[in-house]
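Right, one structure below, let's go through it.
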Amino acid sequence: MTAGPARSARSASPHGPLAGLRVEEVASAGAVARRCGVPTAHAAMLRVRDGELRARQVWDDCVDVLTDALAWLTAVAGCHTLVIGGGLAQSGPLLLDPLTAALTDRLVGVRVPAVVGARHGDAAGAIGAGLLAEELLERDLPTRHRRDDDRSQQHDDGPTAVSA
């Protein structure tokens, strides 16, 4: 899950084995894999598809916790689309369909957002940060170069380094 604030929120369940855990401790790829006793979220997903009871319970816990966090986020922020990234999003409909159904059940009277997987999977955050940095550099560098040119016309004290 890529939503920073939701990622560190406490689980909505005040009782039971998940009480007090952060969302990422239940609903991240690593947490799902650990709780299923397998090395990767992909291996956990395969066990869910095969109908393994423990994997199904872990997956259902994950969906419930994500639903709580995303329903709260949607109710507060009025989201139109929720983009789910990270390792779990690579499971596609196995995660997104029950997540959408659970959000529909919880968001009575609130517009239910579209729930989609990140186009670039678990690299989406890094790619987005890179694109944002590129955009900021393109916007800011011409201004900095103009300021540097103005300064060099006033007095020349050697080359100027530009740090972005």
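Because the structure is a prediction, the values reported are computed rather than measured.
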Starting at [atom1] of [X], measure out to [atom2] of [Y] and round the result to the nearest 0.5 Å.
X    : Y    : atom1 : atom2 : answer
L94  : W59  : CG    : CH2   : 5.0 Å
R54  : Q57  : CZ    : CD    : 7.0 Å
T74  : H80  : OG1   : NE2   : 10.5 Å
D61  : R35  : CG    : CZ    : 4.5 Å
L137 : L132 : CG    : CG    : 9.5 Å
T40  : L46  : OG1   : CG    : 7.5 Å

Kindly work out whether a path of hydrophobic side-chain contacts (I/L/V/M/F/W/Y, heavy atoms less than 4.5 Å apart) joins [X] to [Y].
X   : Y    : value
I84 : V76  : yes
L53 : V26  : no
L66 : V110 : yes

Does any part of the side chain of [Y], heavy atoms only, come nearer than 4.5 Å to the side chain of [X], both counted from C-beta?
X    : Y    : value
I127 : R119 : no
L88  : S28  : no
D64  : L18  : no
P113 : L107 : yes

If you take all heavy atoms of [X] and [Y], which pair is closest and at what distance?
X    : Y   : value
L95  : P98 : O-CD, 3.3 Å
A55  : C36 : CA-SG, 3.7 Å
R111 : C79 : NH1-O, 4.1 Å
V38  : A44 : CG2-N, 3.6 Å

Below 4.0 angstrom, N of the basic side chain to O of the carboxylate: do E24 and R22 qualify?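 The answer is yes: the pair qualifies as a salt bridge.
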Show your working on side-chain contact (heavy atoms from CB on, under 4.5 Å) between E135 and L131 and close with a plain yes or no. CA-CA 6 Å; E135 181 182 311; L131 291 172; over 6 Å; no
Worked check of side-chain contact (heavy atoms from CB on, under 4.5 Å) between V116 and T81: CA-CA 7 Å; V116 299; T81 303; 3.9 Å; yes
Evaluate side-chain contact (heavy atoms from CB on, under 4.5 Å) for L70 paired with L103, printing each intermediate quantity in order. CA-CA 8 Å; L70 295 174; L103 281 168; 4.1 Å; yes
